[in-house]
Structure formats: C-alpha cells, structure tokens
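Down below is the structure, laid out as structure tokens.
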Amino acid sequence: GASTTPHTEVTVLAAASLTDVFGSLAHTFEADHPGTTVRLSFAGSSSLVAQALAGAPADVLATADTATMQRAVDADAVRNPAIFADNSVEIAVPPGNPAHVTGLADLADPTRTVALCAPQVPCGAAARATFAAAGLTAAPDTLEQDVRAVLTKVELGEVDAGIVYRTDVAAAGDRVQGIRVPADVAATNDYPIAVLTHAAHPDLAAAFLALVRSSTGAAVLRSAGFGTP
Amino acid sequence: MPRGLGALAVLGAAFLVLPPAALVWRAPWGSTLHRLADPATLEALRLSLVSASSATALSLVLGVPLAWFLARSAARRVRLLRALVTVPLVLPPVVGGVALLLLLGRRGLLGQYLDAWFGVQIPFTTLAVVLAEAFVAMPFLVVSVEGALRGLDRRFEDAAATLGAGAWYTARRVVLPAVAPGLAAGTALCFARALGEFGATITFAGSLPGTTRTMPLAIYLALQSDPAAAITLSLVLLVASVVVLVALRERWVPELRP
Amino acid sequence: MPRGLGALAVLGAAFLVLPPAALVWRAPWGSTLHRLADPATLEALRLSLVSASSATALSLVLGVPLAWFLARSAARRVRLLRALVTVPLVLPPVVGGVALLLLLGRRGLLGQYLDAWFGVQIPFTTLAVVLAEAFVAMPFLVVSVEGALRGLDRRFEDAAATLGAGAWYTARRVVLPAVAPGLAAGTALCFARALGEFGATITFAGSLPGTTRTMPLAIYLALQSDPAAAITLSLVLLVASVVVLVALRERWVPELRP
Amino acid sequence: MIAARLLVRRAGFTLDVDLTVGPGEVVAVLGPNGAGKTTVLRALAGLEAVDEGRIANDDTVWDDPATGAWVPPQGRGVGLVFSEHLLFARMSALENVSFGLRARRVDRRAARARSLEWLARLGLTELADRRPDELSRGQAQRVALARTLATRPRLLLLDEPLAALDATVRGEVRRHLADYLRGEHGGCLLVTHDPVDATLLANRAVVLEDGHVTQDGTPGELATAPRTAWTAKLLGVNVYRGTSDGARVSLDGGGTLTAASAPTGAVVLTVSPASVAVHRDRPAGSPRNVWPVTVTAVQQTGHTVRLTLEGTPPISADLTPGAVAELGLAAGAHAWASVKANEVRAEAR
Amino acid sequence: MIAARLLVRRAGFTLDVDLTVGPGEVVAVLGPNGAGKTTVLRALAGLEAVDEGRIANDDTVWDDPATGAWVPPQGRGVGLVFSEHLLFARMSALENVSFGLRARRVDRRAARARSLEWLARLGLTELADRRPDELSRGQAQRVALARTLATRPRLLLLDEPLAALDATVRGEVRRHLADYLRGEHGGCLLVTHDPVDATLLANRAVVLEDGHVTQDGTPGELATAPRTAWTAKLLGVNVYRGTSDGARVSLDGGGTLTAASAPTGAVVLTVSPASVAVHRDRPAGSPRNVWPVTVTAVQQTGHTVRLTLEGTPPISADLTPGAVAELGLAAGAHAWASVKANEVRAEAR
Ligand SMILES: Nc1ncnc2c1ncn2[C@@H]1O[C@H](COP(=O)(O)OP(=O)(O)OP(=O)(O)O)[C@@H](O)[C@H]1O
Ligand SMILES: Nc1ncnc2c1ncn2[C@@H]1O[C@H](COP(=O)(O)OP(=O)(O)OP(=O)(O)O)[C@@H](O)[C@H]1O
Ligand SMILES: [Mg+2]
Ligand SMILES: [Mg+2]
C-alpha cells in the first residue's frame, strides 16, 4: 500500500554501477507515488554496507555483489535480500583494438598490457573464475580496485585489454570496444537488494524494491546491459 | 636565489602545472559543456563551497588554538599529541570516514548518546560533510600554523605585554599579523583539501544530492557513467578553487615589498 | 596563550584524536592480527614507505626551489602560478591520476615520446607510484615552505652576503636553518599525504602487489572483502607514519627552550 | 615603592640583587656588559621569573616563587623600552605609539591625538605614517620611547634608551625625559652606559657588576668615592687594591704606591687623573711616587686630554692639550709618571 | 680606492653623496639621525642599489645603473658591522665568527683557531659556545664586530660598532680597532655618534645632513671650523649666521654680536664655549658682548662643566666645576654671558 502523505522521502543506498538505472526507476517511482521523493546515495558496495551498519537513515540497500550484502545480513541490518539483476564479464579494448585482441587467450599473453580487477572485489573474482573456467592463467599488469579503474585505463589506451562487465561496455559507448567472452566460461555476478531493518518507511521501501523487481524494472536493467533473473 | 635552483623551480612548476594542463587540453569541452548548466552541478558546487568554507572556519576556530598550544609547549608528553594530530593525514580517507562513523554514527561511541539524549543524528547530513572535511583538512592548518608560530620572535609579545596588552589583544594585534603568511598558507591548504575531500565524506555523510553530494562525489559518480563529463566537472571545481584561493591570498598575504 | 583558547585547543585535539581512537577501540584485534604477519602486508608497507620517502625527496628537490621562487617574486604574473601550484590539492585524486595519464601515459602528451624515443613506459611501475604521490603531496611542501620563507627576516641574508657568503652557502647555513620549522612541517605534511595517497596512485600506477600496491590500496581492497582487516591495516599504516613523523621531528625541529 | 630581591640563575651567570625604587625616584643602573642590567629590567617587568626572591610593589607581590605569587607583565603597570626597540613591523609609527593606549581601551581618536603629541615631542611628526623598516635606527629608538612613555607606566624601565641617538638629539631627548620624569610620581630605572645620563637624569645610581650590586648612592658619591675599579675607570679615577704597611702599599696587580696616610692591611687606593704629572725624563723633586710608563692612548674630551699609561702600576692622567703637545706625548711614547703621596687616598677595605 | 657617487631616492628622503675612501684611510661618517649614514653603508656594501650614480673600487665598477654594472655584496670584499648585530640565531658565537671564513673555504680547524683568536681579542673567550640569545647586547655587538673583522675585508663598514659597549670596554675595543685599522691596507667607513671615536680612529670625517655631505675634512678641521650648526653643536662650538655691517653682526636667529673684525655682508660666526664668561650680575668692563641668559642644562664632562644658556642669542659655555659651584649655577638660574669681541670669529659665507 502506497502512502499518500506528502513530502515523504525514501532513501536508497545503491552501488555506483546502478547510477543510471536507479535514476530512471526513481523517476518512475515518484510518478507512481505522488508526494514521495526518492533520494539516491551512490557509493561503492562496501561503503554502503558500512553506512548501513552505522545506522544510516536509509530504507533500501542495493549492492553489486552478494558477499558485501551478506555482511549486512550478518549484522542484522537487512533481512532476506533478493537478487534483482546479474552482470557478466566481457573483454574491453580501446577503440580500434590496436593490440588486436581476439579473446581471453590474448589476455594470458605477458607481452600485452592487461588490467584486471583485484580478486578481492567482485569483478576481480569474476575475472579469476572466468580464466579458471577457460583453463588459462591471466598475465595482468595491474589489479584494479574497481571496474571503473580498469575502464579508465582501457579508454585512455594505457592497457591493451581489460576484463569488465557487460554493462560497463554498454555505458562507455564508443569509448571502448567489447569482445564477448563465451557464455560457458563468462562468470556472472548477482546484484542483491533488501529493505533495511531500521527503515523509516518500510512500506515505501518495499514498494521501491517491488518496482525494481517488476517487469518495468527488468526492462530498464536489460537496456543497460544487465541480465535479470 | 642561488643559481641552479631556478632550473629546479621551473621543473617543479612544470611537474605540478603540466598534468592539469594536459587535462584541459584533452577535455571534451564541446560535448560536456551542457553539464555546467545542470542544476545538479550548480547544487553540488554550492554545497562544496559552503561545506569547505564551513570546514575551514571550524578548522580555524579549533585548529589555531591547538597549533598555538603545540607550538608553545615544550613538554615531552606533547610530542605524542603532535604526532597524533597528523594521523588524519595518513589515514586513508575512507577509513577516516569509518572512524567518524564509529565515533559519531548512530551507534557510535559518542553518537549513541547524541541520539539518545538530544535526538541528534549527524551522519548523512550536511554537518557530517563539514565534519568529515574538517577532520581530514584541519591537520594541514594545524601543522602550518604551528610551524609559523614556532618561527615567531617571542620578544614582540614581551613588548606588547609591557605596553599593558592582555593575551587576547596581543594575539589579535601582534601574533596573528606576524603569522599571517603561515596562517594564509595553512588556510589555503585546509580549504583546498576540504574542497577536494572524497573518501571520508562518501563514507561518513553518504552521497545525497543537495545535502551531502559535493563536487568530488558528483565527479566520482560522473566517472562511473560519463568520464568526459567528470573531467569537465573537475575543471569547474578547479576554477572555483583557484578563484577562492587567489581571493584569499590577496586579502591575507601582505604585499611583498621589492 | 590567551585564556579560553585552551578549551578550544582541547576540543580541536579531541576532534582529531577521538575518531582514530574509536577505530582502535573497535578494531577486531584478535581476529585480524594474523594479517600483520602476512608477507603481502609487509610488502605493501615496505613499498609505501619507500615510495612515500622517494616522493618526499623528489618534492624537496623540486618543491623547495619552487617555493623559494614564489616567495621571492613580487611580480603580478607570479600570482597565477602561485594559485596553479595548489591545483593538485583540489583536483580529486582520481582525476589527478587521469591528468598524469594524459601527460605521461603511453599515449600521453609527453609519454608517447618517452615511449617512442626511449622505450620508457611510466604507468604500472613503482616510478609511477612515486610520481603520483609527489604530484599530490608536493603542493603541501611548496605552500608551507613558501610561507616560512616569506616570514623570514631578510637582513640575515644581507649579513651573510657582506661576510662573503655566496647564495648557496647562505641558503645552506642561514636560510634553511631559519625555515627549518616550516620546512619540517611541510615535509611532514608532504610525507603523510604521500603515504596516504590512494586515488591518483590507483589511476596512474595501477595496483600490482610488490610493484605498485601500496598500503592504502591494500587497505581499500581489504575494505571490499574484510573491513575488519582493513581497519587493522590502517592502524599499522598509522603506527608506521607516526614513527616516521616523530623521528623526522626530533631530527629537524630544534628543541624548544622553556 | 618597588622592593625587589632578584635571584636569577643561568649557566655561568647568577644575578643576585636587592633593589628599591621609591615613588618619583629615578635610579640609574650602570655596569659592564653582561653584568645583568637587562636581566634586572626583565625580571621587574615580569618577562622573566626570578628563581628565588620576591618583587613587591607596595603591598602587591608581583613575583615570589616561594608563595607562587605572580602578576603577569600587563598587570604590573610597567613600561619597558628595549634597547632593540622591538617596534611592531606591520604597524606605522603612529599605530605603534597608539598600541599601549588602545590596549587600555582608550578610544581611537583620543589615542591618536595623544600618540601624535608624543611623536611631536620627540621630533617625529613627519614619520608618523612610516613602518619601522622605513625608519633609521635613531628614529626607531625614539618611536619606541614614545610608545612606552605614552602609556604613562607606574614603573618606567629604560634599557639604553638614548644609545642610538645622535649626540645633539640626545641632549634634547634627555631633556624631554627629565621633564617627563619630574612630572611623574612613579619610579624609573634607567640602564645606561653614559655617566652623563646618570648625572643628569637620576637621583640615585646603582652599579651592577657580574650580577651583584657593588655600589649604590647618588651619582656624586659614585664620582667622588668609587668603590670598584670599574666605577672608578668609568668615572675616570684610578683605583688600586693592595696591602699597606702603614705608608707603602704593595699593589695586588704589581708595583707599589706611597700614600701620605694609610691604614695598615688591605686597602683601596684612589688617584685622580688630574693629580698625575707626566714627564719626558725622570723627574727629581718631591713626588714620592715616580715610575716609568708608556703612553697607550691619547684622548681629548672637552679641553682635557686623557692619557692612558701602561706601567707598574698602569695609570690614567689628565693633562692640558698644551702640555701634551709640548711633551710630544703620542701613543707609544715613553715617559715618567709622578704622583704626590698626599694625592693618593687610601681606605681600608 | 673607493670612489662613489650615491643617489638613492625614497619617499621623503633623497641621498646624494660623493665619497672617496683611499687605501688605508679611515673615514668617520657623522650626522643626525635619519641623515642617510646607514644608507651610504648599505649602498657601498651592495645591499641596496643606487638609483643613479656609480660605485667603483679602483677599476672595478661595483654598481652603475647607467651601464647595468653590478657586483653582488659577496663579490665586493666588504665587511659590514650592522648596528643591530644580526648574529645568526642558530649558531654559537664561535660559529658566527667562523662563518665568513668557512664561506671563503678556510678549513674548519684554521677557521676555528682564527675565530677563537678574535673572540679572545675582544674579551669573549668564555662566551664562545653561547647562542646569540644567551648574550647580553654589548657581548653580541662585540661578537658581530669579531665576525666581520675575522674576514679581513678590503673595505670595512662599521655602523655604530661601539654604541652598545660599556664605557670602559669601549676604550679597549676602540684600541683594538685602531690597531687593526693601522695594520690594514683597505679602507674603512665608520658611522658613529661619538666625536671621540671620530677623533681617535679616523683620518678624515664626513658630515652628512639630510642626505647631503655638509663637511668633509680632518676631525681637527671640523672642530676648529665647523660649517653647520649641527657640526658645531656636536663638537661644542657655538655657530651663528648673520649679517655684518663690518663690526656689529645682527644674527638671523635674533640678537647681535660684535666681532673684532668681520667682513661685511652674510657671515658665519663661531664662538668657542671656553671663551664665554658667565656672571651672576651684569659685568662692567671690557667685553663688548654682554647679555642676560638662563641656565637650561648643566653637564660635567671630565673636568669641565658645560652650561647650556638660553638667551638672545643662546650660547654654550665651558666652566670649571669650581666656578659653577661658586656661582651657584644650577638649571633655571639667571645669569649674564659675556664674550670678548676678539673671541668671535667671523667668516664670509
Ligand atoms: N639565555 C641565557 N643563557 C645563559 N646566559 C645568559 C642568557 N641570557 C643572558 N645571559 C648572560 O647573562 C648575563 C647578563 O645579561 P644581561 O643581558 O642582563 O647583561 P647586561 O648587563 O644588560 O649587558 P649589556 O650592557 O651588554 O646589555 C650575561 O653575561 C649574559 O651572557
Ligand atoms: N624603506 C624606506 N622608505 C622610506 N624611507 C626610508 C626607508 N628606509 C629609511 N628611510 C629614511 O631614509 C633616511 C635615512 O636613513 P638611514 O637609516 O640611512 O639614516 P641614518 O643616518 O643611519 O640614521 P640613524 O643615525 O638614526 O641610524 C631616514 O630619514 C629614514 O627615515
Ligand atoms: Mg643589556
Ligand atoms: Mg643608521
């Protein structure tokens, strides 16, 4: 049941990679719930969890991986997170593909400059799993903290190739070129969402969560390159 | 200036000025200029300037007395305090933000009482932005001002005292003017650092448009989706800060006599 | 010290010391102490200390002459340079890293020639870490030292010159000792900032264990997977930096006379 | 009435002085470099705490380490003119002079008027807007004097206030100072190297040597009966210590002198330079004390020439310029000194 | 041989001076506060560039804005003793004195030995390890002197080097300085407010007033024929300007004096204080100039008492202490001054 109290605010803590998707869903939600404003606070997943644990006045938490969400679950900050999207890895190369990268095997070649995410972060874990599935050993020159850092280096041509998410290649437009990784080896990453246990507006939070998981939400997510369950 | 130093000075200036110049050179002006007129950008810029100024003011109010104390205490046990004061410089800002949450968060060591007794919650407010920025930036002020106070010739304070001036009057008319260059440098550093603060802010204050999303946070977000726009925003932030810093200098640093 | 300032000084000290104290208080010592013995941690710590020291040394070599020039130039056109030098303070560090890539990267304005002519590629090397840290930290040194030089009594340089001392000898024996407190403060700020540098380093130098992964990078990574360990690592970094800073002070800052 | 016992200990130097300054009294403090004169002023002003002793102004205790009593400088109503002027660099001469008045909450306009008055009195009207680094040293010293006098301190402490002044202005400023001091009911302590200042400005003179008071009396008493060699030399009298057998005195520094009458035992001898005669050849005749000397310095003051003579003992002699010219007494000349026994004053010590 | 024409312009002050200092010559620079004495030294040392003019040492041009020639201070081989001592705060007295030698690459041991020698010569041996802020002012000034003398500069510039010294040490240091200067082949410029310094140390004296040289001659010439009132007053001679009708001279400042012989027209009169007689009652008799005066100051120097007398004209008189006591001439006393006409020297101007 939607509240009709004017000037209610529902605050959503969301992973930075969801900036565009949640931005547009927030508009939809506000249109459906007059008098309600959605406040979106984007940061890295683990910052979000730290904030949630510290009692951030927020209602919804959406992270880019299940491991960080699990920390919120363990601390009883959320209950029953639901997976609303997934993302799989892809090779990104600078426009024109100057190093003539054709597939994962080229990323195992030490003469090429390659950027991956560090295994501690979701995109790095996914990259490692992908190489393992393909039976290759990667030869990275750098293990970045997040996808953004990999992407920046690809865009600037500092590296010949990097492993990022499909959504990132889609968002980067013509600044990078994507090379698909075969579906049987490409690792995927799940995005969980949950209502915070201390949410001030649990009903609205649930409504927003429902919107994200609805077909409307799935359409927006898919157009940004996400997979949906 | 000793001969030979000139070449090093030029090299130093080049090292600091060329990278931003490259940024300007490569900036995709045409395609992103519309971002400048975006109300969200102006909002973030306004919030940045307001919170950085407030953080600087807070740092001045608390930091100058602290610097004074540190500069004038010969005691051995003050040495540790002096080192501790520089801790926020080294702490990765994100960890600084965590530290602030642990102290002032709703469940923090102090924050739980603030909440229970006064109903005050600091995180995720503009006050949190100011505190995060001050926490990170104040040490710059303290260290600079302490250096300036230490270099001061104490005999002028003696002279003021024998003229009947109390400690406050002496501080205002004699000491502060004499440390003005150091104070200005420290204030500039502090303001600049506060303006550029990112990690502690996003952790302690979150990133809510209009309330806690300062320019560096907006830039970080833009970087996720539109790196070109992020660079343009950075340049906006730069220009704003250079304007403020130049104004500050003109006001505070006495003209050099030839 | 004027009465009343004492209370503010205590508040200031509390503001800077309590959050890290909260960090120590809540640190999950038991469960994460094993991280300290991890060779990767020691590796990162060593790399951090080496690169921050190198960056500080580079900043001293280039920054002190630059500060000298800025302090001694009355010309109007120098004012802009003075503001430009503080730009890296305000630039969000990640953007600073992008700027360095645009200048010195494989396809950068200068970097492409370094690569083509000498086969030198800077990014992803320890040198890149040093440069990134120096770019971000040097302005602190420059601004502090400039302030100190400006506050100097020029008559002592006059005296040295009439005793037959050349500019270098005067600089070494008269000017540098006289600005020692400011220089020490600037060096401390510079070192601390370099040690804590994160954004520019990750962007310009990447993060490869043993080569470019400094403590802040390791901490950030740990934060993603094991926040408790990240806090422990931060405290290790803190202790290391406090040790270095205290040593630096003892060596450089002359003892206060009571 | 200031009553002070000051004990200040430093590596290689101890100040141990008893001192009073009555209301309206001007006390000159004389003494060699490093004797502790400046230290006395600093202790009285409250810029340095005494290690032992007590400083009291009437019934108010300013400093007493035994009881912990302490009044900070700004509470003592003293004024101290430093020998290094210490003008505030970022204020004009006028602002410097106004400083003490403004600190006492005199309103801006009145402070300005009174400061201008003081500047005018010291001949500095045209320099009112100058910064200290745009003043010559003598000008700066006068501004510093005006700055302190403008606060009309209860106890005025002056550290060589006239040292940088040119000889003609010095007379004028000294006159202003004398006028000021006559009109005041407070006390004044004046450190000076110039016996003329002491004579013209002070009621009383204290001689400080190596941290101790060696003489305390009117300037006249000092001149007629100096108690130490330093005082005597300052005021131009020859002083010797020695042991007397009733008439002949063997001097501690070597040589003997005969006095007309002397107590036996340890004595102090004084010989006025005016009573020393100088001859090119060994004189025959009445003078009982005759010995060879070498001229080491010739110095004309007014219409008297002072000769410094090396010998056993060394001695100073005052002659007329005519006599000096006639005898050809340039530095390096060999001559004979003679002193009549009844010109040698002897006192037991 | 230094030959300099110095033109320095400042708001409200212009220095315009021609000056030479020959090898081995010691030139005293006298003048009122703010006359430009320090400015002259700074320009010669190269701490200030002249706006116009030229400074040359033999054939080497040190400063000439017209040609752009410029030799920095450290290239000039000058030594300047500042009146504010300016010792380096973080060095001991010994290190301060060694500084100039070490800057000239004298090795550490030799520099130390020579510095200790200089400290000993100035009576500072025990203070060798003290920092400047642990020295008294007079001690610091002596260290500063040692610091400069140790470098044996070709041109020695001294700005009131003895001002802070106590009267007894001053004589001694002056003697050392005289010895040093005798042994040197370079020149020396000595700024001082003390005519005794000028007389004892200098071959030549230059009087600077308001940025201009008003007299240049031997110290003796200055004393016997002062050209301006300031010089006359400094050296104790009465000087008047007036218009003569051949015998009676009406003075510009009021009053008349009769000279035994005077050119007609504009003249300068000088009267030695020694030739002025003072009486309690109006004297009858030969003196042609008799007028009433009031005593405004009484000052004893050596064995002479200098009276400053207000009247038309004002005049100074030198008397013996006995005469002063007998006549009861304290400040404020009314009296009569008399001068014989042939004691009034008149010169056309
Ligand atoms: N901080 C200090 N540490 C050790 N000794 C000191 C210190 N300050 C001063 N002194 C010594 O104390 C003594 C007294 O110094 P003070 O300045 O009072 O002398 P003074 O009589 O004023 O001499 P002057 O006539 O030269 O000014 C001197 O011998 C000086 O060297
Ligand atoms: N920076 C300046 N700006 C303007 N006027 C100045 C400046 N510095 C000095 N003066 C003026 O120049 C004149 C000459 O100064 P200088 O210091 O040479 O005098 P001086 O003869 O050494 O006097 P004193 O005997 O007092 O030391 C003075 O009238 C002084 O006020
Ligand atoms: Mg003294
Ligand atoms: Mg001068």
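A, B, ... follow the sequence lines: proteins, then strands. Residue 1 opens every chain.
- Within the 4.5 Å cutoff, no side-chain heavy atoms of B:Phe204 are placed close to those of A:Gln51.
- With respect to chain A, the highest number of heavy-atom pairs below 4.5 Å among B:Val98, B:Leu217, B:Leu208 belongs to B:Leu208.
- The CZ atom of B:Phe124 sits 6.5 Å away from atom CG of A:Leu13, with the distance rounded to the nearest 0.5 Å.
- Across A:Ala50, A:Gly44, A:Ala56, A:Ser46, the residue that shares the most heavy-atom pairs under 4.5 angstrom with chain B is A:Ala56.
- Annotation for A:Arg128: atom CZ does not count as buried by contact number, only 12 or fewer foreign heavy atoms lying within 6.0 Å.
- Between the A:Ser41 side chain and the B:Ser207 main chain, a donor and an acceptor come within less than 3.5 Å of each other.
- No hydrogens or angles considered: a donor-acceptor pair under 3.5 Å links the side chains of A:Arg39 and B:Thr211.
- Taking 4.5 Å as the limit, every side-chain heavy atom of B:Arg107 sits out of range of all side-chain heavy atoms of A:Leu53.
- Between B:Arg213 and A:Phe42 the shortest side-chain heavy-atom distance falls below 4.5 Å.
- Each of B:Ile202, B:Asp115, B:Thr212, B:Leu102 has some count of heavy-atom pairs under 4.5 Å with chain A, and the biggest count is that of B:Ile202.
- With a threshold of 4.5 angstrom between heavy atoms, A:Thr11 approaches chain B through side-chain atoms but not through N, CA, C or O.
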